[in-house]
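In what follows, residues are counted from 1 in the order of the sequence shown.
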Amino acid sequence: MNVSVLNEQDYYRIVYGGWLGKNIGGTLGYAAEGKKELLSLTYYPELPDGPLENDDLDLQLVWLHALEQYGPGLTARELGQEWLEHVFFPYDEYGYALTNLRRGLLPPVAGAFNNPFTDCMGSPIRSEIWAMAAPGMPEQAAYYAYQDAIVDHAGGEGVYGEMFFAAIQSAIFYERDRDRLIAIGLQYIPAESRTALALADLLRWHSEGRSWTEARTLILEQHGRDNFTDAPQNIAFTILGWLYGENFEDAILKAVNCGYDTDCTAATLGAILGMLLGPEGLPERWVKPVGDRVVVSPPIKGFPAPASLDELTRRTIRAGKQVLAYADAGIVVHPELPTSWSAERRESGPSDDFRRLWTHGTTAVRYLLPAGTRREPDLELVIDYGEDGGSPAIAPGQSKRLAVSLINRSRTALTGALSLAVPKGWSGPNAVRVQLAPGQALHWGAAVTASAAMAAYEELSLRWERQHDGAVWATQTVPFTLIRAAGWTVWGPDSPEAGVQAAFPGNRLAWEQVLDTTADGVYRARTRLHNPVERQVRLIAVAHGPVKLKLDGKTVIDCAHTPEFMPAYHRAPEEQLVELTLPAGGSELEIEAVKTAGGKLEVYVLPVSLAAVKEPGSYYYLTDMTFRL
């Protein structure tokens, strides 16, 4: 491998410029976030004192802490732990992923299960840390981005958006040409993804001489979604600003004036251009109001966040040096030698191993044993929830098969036993004898049956017992979680009076699957919502059409029209939520939803906290509440 040199001063100015550009763009777009019309911003909103707080930067401060805590071998599992410890945002995909993590699920299952926001912008906005910590290594940066994104976007376009941006930003260290950088980014996402298709069309429209406003309209017509945070349309707006912008200011203004997720589009483009131009290349009128400060949102807490962009830059570079050594990258950060990149590095593309990330499923969790192993495990253990429908949910009294695989990754034969411990009152399989040659795998369909008195979620564990000379040599235990499915009785337009009993894995009422019909008309569902303690609750019943919610026979939600479908904890339509004091014990819930001609039948029922709560954060999901037949 030819060695490349990255001059340390060059490294500093690229990283500092990126963080400064991120602050500028995020502050510019903050006040206009969610506005869907064509905007006409020309400058910042009124600033009280420096930059505005923004999750686009906040979350990357946490990931820097993760790199410092866990080192360059960190994975989605450690990033998920950081969410639990330091991130208390309820927003969209963040809220759903945190709910799953709090119940013991791990990525990618935690990012995919019951999550209607996997195609959104929560992960594409946090690519810079991976690029800056993996300078000149777009594959490594995109791999980190993948590990990050599957925590809360697994299986969705949000994953591809973060990988795309991370690859571009890492390549900036050796490539300056805009078109070549965009092409590099596209190499690291599937060509058939919505993100790639939107970008391909945008590039074509730009080459055909369409104006930026025409391109914006076409993006919305052909690739748009109602949700303003949808990733493909916003990623296209980001690149639109880059393609059509005549300079830094013009570029970020064009991106932000496309509307929609404005803080994200302007912040990411600001970071890209800041990395390309360096801090000295950014206009003083944009730099001076934000200065060198880092402002952290109150729900991000519990770790030593950088106080300034200078501190953030120095800590990023320190982590980057560790990543370069860990990856054996052939890149030397040198205080004196000039930057020099090898032709081999400039011409490299994604490996076959990397491309396989695109096809990884979202129903299995992979463990390397012994615990803490990163590169050369003795064993690989895979727990796949997908054998019986793909979800980690099980109903009381129900049986479920888990697809368990144990692969010998060591250089010696392994002998032992694999067993499954289940909660009290459950039943599970007998242990299986294991004899594995190097590279050999055991595949086990482990059937479990939940007790009738199942809690909201229960912990099980797989136990690997290595044996030697007929005796137990060592044991390792891997805990995992199963979630209690939601029990409902449902009726369709033509259902019998008795209704049909259903167990839904998450919060979505899937009438069409249970009743095998998509007919227009009135659909009903009934359950008992079990609440362990009296508390104030925000009850949400989000639907694509008219919906009613009755609590113990009293109508508490009666939405007769069709607002934007938004099953978010913090921003569900006001007409489709109610805040009240819910007594301890069981309360009867009844849902009535109307499917109109050409309409969509989709309802989410969500019990969450109120905004005004004690620590740690608002609008969190009440994980101890259950829906029972």
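Taking the charged nitrogens against the carboxylate oxygens, Glu564 and Lys36 do have a contact shorter than 4.0 Å, which makes a salt bridge. At a threshold of 4.0 Å, the pair Arg409-Glu380 counts as salt-bridged, since one of the basic side-chain nitrogens sits closer than that to a carboxylate oxygen. Salt bridge absent: Asp352 and Arg356 never bring a charged side-chain N and a carboxylate O closer than 4.0 Å. Comment: Lys321 engages Glu8 in a salt bridge, judged by a side-chain N to carboxylate O separation of less than 4.0 angstrom. Under a 4.0 Å N-O distance rule, the pair Arg126/Asp58 does not qualify as a salt bridge. Using a 4.0 Å cut-off between a side-chain N of Lys or Arg and a carboxylate O of Asp or Glu, Glu128 and Lys22 qualify as a salt bridge.
To the nearest 0.5 Å, atom CG of residue Leu203 and atom CD of residue Glu208 are 11.0 Å apart. The structure places CD1 of Ile383 at 10.0 Å from OG of Ser405, a figure rounded to the nearest 0.5 Å. To the nearest 0.5 Å, the span separating CD1 on Ile407 from CG on Leu381 amounts to 7.5 Å. Within the model, atoms OH of Tyr260 and CD of Glu33 stand 14.0 Å from one another, a figure rounded to the nearest 0.5 Å. The distance from the CD1 atom of Ile252 to the OG1 atom of Thr262 is 12.0 Å, given to the nearest 0.5 Å.
Checked by atom type, the side-chain pair Thr99/Tyr569 shows a donor-acceptor distance below 3.5 Å. In summary, the side chains of Asp201 and His223 do present a donor paired with an acceptor at a separation below 3.5 Å, with no hydrogens or angles considered. Counted by atom type alone, Thr229 and Asn227 present one or more donor-acceptor pairs between their side chains at under 3.5 Å.
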Item to complete: Evaluate side chain to side chain contact (heavy atoms under 4.5 Å, CB included) for Tyr96 paired with Asp92, printing each intermediate quantity in order.
Response: CA-CA 7 Å; Tyr96 280 87; Asp92 298 4; over 6 Å; no
Practice prompt. Please assess Glu78 against Thr75 for the test side chain to side chain contact (heavy atoms under 4.5 Å, CB included), listing each intermediate value before the final yes or no.
Written response: CA-CA 6 Å; Glu78 290 76 36; Thr75 66; 2.7 Å; yes
Worksheet entry | Stepwise side chain to side chain donor-acceptor pair (under 3.5 Å) test for Asn234 and Thr265 | CA-CA 6 Å; Asn234 285 291; Thr265 55; 5.4 Å; no
Item to complete: Check step by step if side chain to side chain contact (heavy atoms under 4.5 Å, CB included) holds for Ser342 and Val3.
Response: CA-CA 7 Å; Ser342 69; Val3 174; over 6 Å; no
Item to complete: Run the numbers on Lys254 and Glu249 for salt bridge (Lys or Arg N to Asp or Glu O under 4.0 Å), then give the verdict.
Response: CA-CA 9 Å; Lys254 281 189 167 69; Glu249 175 178 298; over 6 Å; no
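The neighbour count for Tyr619 OH, taken as heavy atoms of other residues, nucleotides or ligands under 6.0 Å away, is above 12. By the 6.0 Å contact criterion, CD on Glu246 is open, its count of non-hydrogen atoms from other residues, nucleotides or ligands being 12 or less.
Within the 6.0 Å centre-distance limit, the rings of Phe354 and Tyr188 are counted as a close aromatic pair. In this structure, Tyr94 has its ring center closer than 6.0 angstrom to the ring center of Trp83. Taking the six-membered ring for Trp, Tyr144 and Trp130 have ring centres closer than 6.0 Å.
Ring geometry, His86 versus His65: the interplanar angle exceeds 60°, so the pair is classed perpendicular (tilted spans 30 to 60°). The aromatic rings of His206 and Tyr244 stand perpendicular to each other, their planes meeting at an angle above 60°, with 30° marking the opposite boundary. Taking the six-membered ring where tryptophan is involved, the planes of Phe248 and Trp286 are perpendicular, since the angle between them exceeds 60° and thus also 30°.
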